[in-house]
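Okay, structure first, notes after.
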Amino acid sequence: MRVGTGRGMWRATLALLAGLVACSPAGPADNVPATAPPPALGESAVLDSARASRGESLEVAVYTYGPGNAIFERFGHIALAVHDRTTGEDVAFNWGMFDFNQPNFLARFLTGDTKYWMVGYRTDQFNAAYQGEDRTIRKQIIALSPAQRGALYDFLAWNAQEQNKYYRYDYYRDNCSTRVRDALDWAMSGALKPALSTTSGHHTWRDETARITASDLPVYAGIEIALGRNADAHLDAWGESFLPERLADHLAAAQVAGAAVVQQDSVIYTAQRAPLPNSAPNRLWAGAAFGLLLAALVVLLARAAGHGATMAGTTLSIFGVTWYLVGGVVGTALLLAATVTKHAPYMGSNLSLLLFNPLLLLTAVLWPWRASVGRTGRAVRGLSAVCAVFALIALVLMHLPGFSQGSMLVVFAVLPVHVALAWAAQRLTAPATRT
């Protein structure tokens, strides 16, 4: 088997590095409804008067639901309810609707183009469903003026129309929780956003996601690998409100024009399940131990193979092919996600591409010939060395302003293995190939 090691590989390497430092777009900009929303407060005195009259009988409440069992349920849920005290009508508007069976759901999910929509349910039935799943239910009555309540009712009725109810779901910037937040901000003529934007937080998209997925190790590890440095920016209260529980807490503390946003706050059902942790676990040293353990295994196998142990050489071949193959698949997925999907704002600008990238696929193919004489052997030894150097570069960049990101755990887990495999490839080279 003959493989060239010419300029193509190095051009691909340079392109990969260039893509790594490229800026990613800031977020979604394609959620435009089919028809324009109703006029905002202040645009029509006649309409505002009618809204004030209508709003006298209305009560607006935010219902927040605690975590459930499924991974996507652990983030909680939220609904915005309008209760008409005159007619008794009580509708909870839910922006969290999706269907696993909808056409192309998997493709849409993988490319970040998942379609969600809003539906109204009877509030008592909606709450009963979540209580039946043993999920805590918190109710917050929002302190709005009659005109604001009437305007919000008009907005929700418009949003619930078939042509306006669909939107492209974005986990961090446009989801069931941010839709409730934005609807309240619209009813308050934009006064809620400044009230929440002035409160700086210590949370990031990464650590909030890690906190919630910590008990599911494969998901937790995948998210640590997938999120780039844009996910490490500290969020204000407005940004933290992508999580229902955070939005509820921030609404409870917020004031607009000196008045509290929440008029009444109560828990109407308390779940029996254990609550989620308050912070993400620190698994840095566990990751380092994992990486060092695998690296030590590689070193032992290489030493044994060097002394003629056939089984050790075979095991090292299988391990290396598997390591590079999995890493190459992950890296290819990361590169595609960061360049051609709508996940780019969160998965782009990602140092994980120095640890997992398409070059690993070629290394996996050539790894069994690592000790051979000729171009194929030199190619695989060079590739394994490049992979190790890339991992070392990731470690250095982690400490440089403008490049650092919160995935040091991934570097600690992967770097030792890359270095050990590169060392093993050189160690097992036949003497004739070293001249």
Side-chain angles (χ1 to χ4, degrees), residues 9 12-13 16-17 20 217-228 282-306 309 311-335 350-371 377-399 404-429:
M9 183 182 74
T13 299
L16 180 65
L17 289 172
L20 175 68
L217 195 55
V219 174
Y220 171 87
I223 287 172
E224 286 297 299
I225 294 169
L227 292 179
N282 184 353
R283 290 174 170 164
L284 186 63
W285 299 115
F290 172 81
L292 291 172
L293 181 63
L294 288 184
L297 175 62
V298 170
V299 170
L300 290 175
L301 290 173
R303 288 183 180 277
M311 182 61 71
T314 302
T315 303
L316 183 59
S317 292
I318 294 172
F319 179 88
V321 169
T322 303
W323 176 266
Y324 287 123
L325 178 62
V326 172
V329 171
V330 170
T332 302
L334 280 179
L335 190 60
N350 193 345
L351 290 179
S352 292
L353 279 169
L354 289 172
L355 304 168
F356 306 97
N357 56 71
L359 291 180
L360 274 66
L361 291 175
L362 183 56
T363 312
V365 172
L366 302 180
W367 182 252
W369 288 271
R370 61 193 177 277
R378 290 195 299 271
V380 68
R381 290 189 293 276
L383 284 168
S384 64
V386 167
C387 293
V389 169
F390 273 15
L392 289 168
I393 292 173
L395 178 63
V396 173
L397 292 179
M398 279 285 184
H399 297 87
S404 63
Q405 64 185 56
S407 56
M408 184 65 81
L409 164 67
V410 182
V411 176
F412 277 16
V414 174
L415 170 61
V417 186
H418 275 319
V419 172
L421 286 171
W423 173 84
Q426 298 298 327
R427 176 181 174 81
L428 294 177
T429 302

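By convention here, the first residue in the shown sequence is residue 1. Because the structure is a prediction, the values reported are computed rather than measured.
A distance of 9.5 Å separates CG in L395 from CG in L355, rounded to the nearest 0.5 Å. In this structure, OG1 on T363 lies 10.0 Å from CG on L421, to the nearest 0.5 angstrom. Note that CG of L359 is 9.0 Å distant from OG1 of T332, once rounded to the nearest 0.5 Å.
Counting heavy atoms from C-beta outward, V389 and H418 have side chains that stay 4.5 Å or more apart. The shortest side-chain heavy-atom distance between W367 and L360 does not fall under the 4.5 Å cut-off. Residues Y324 and L383 have side chains not in contact (no heavy-atom distance under 4.5 Å, counting atoms from C-beta outward). Annotation: side chain of S407 is not in contact with side chain of L227 (no heavy-atom distance under 4.5 Å). Using a 4.5 Å heavy-atom threshold, the side chains of V298 and W323 count as separate. Inter-residue side-chain proximity for N357 and L335 is flagged as unmet; no heavy-atom pair is nearer than 4.5 Å. Under the 4.5 Å side-chain criterion, counting only non-hydrogen atoms from C-beta, V414 is not in contact with I225.
Here the side chain of Q405 pairs a donor or acceptor atom with the backbone of L351 at under 3.5 angstrom. A donor-acceptor pair is defined here as one N or O able to donate and one able to accept, closer than 3.5 Å; such a pair exists between the side chain of R381 and the backbone of R370. Counting only distance, with no hydrogens or angles, the side chain of R427 and the backbone of W423 share no donor-acceptor pair below 3.5 Å.
Between N350 and A226, the closest heavy-atom pair is ND2-O, 2.9 Å. Residues G291 and V417 share a closest heavy-atom pair of O-CG2, 3.7 Å. Scanning all heavy atoms of the two residues, the minimum distance from V299 to A420 falls at CG2-CB, 4.4 Å. Of all heavy-atom pairs spanning A302 and A424, the tightest one is CB-CB, 3.8 Å.
Shown here are the side-chain contact (heavy atoms from CB on, under 4.5 Å) partners of T315, two or more places apart in sequence or in another chain: L301, M311. Applying the side-chain contact (heavy atoms from CB on, under 4.5 Å) test to A288 and every residue at least two apart in sequence or in another chain returns W285, F412. Every residue two or more places apart in sequence or in another chain that forms a side-chain contact (heavy atoms from CB on, under 4.5 Å) with V419 is listed here: A388, L415. For S384, there are no side-chain hydrogen bond (donor to acceptor under 3.5 Å, both in side chains) partners at least two apart in sequence or on another chain. The side-chain contact (heavy atoms from CB on, under 4.5 Å) check on F290 picks up L294, A413, with sequence neighbours excluded. Remark: F319 pairs with no residue by the ring-ring contact (aromatic ring centres under 6.0 Å, His included) rule, at least two apart or across chains.
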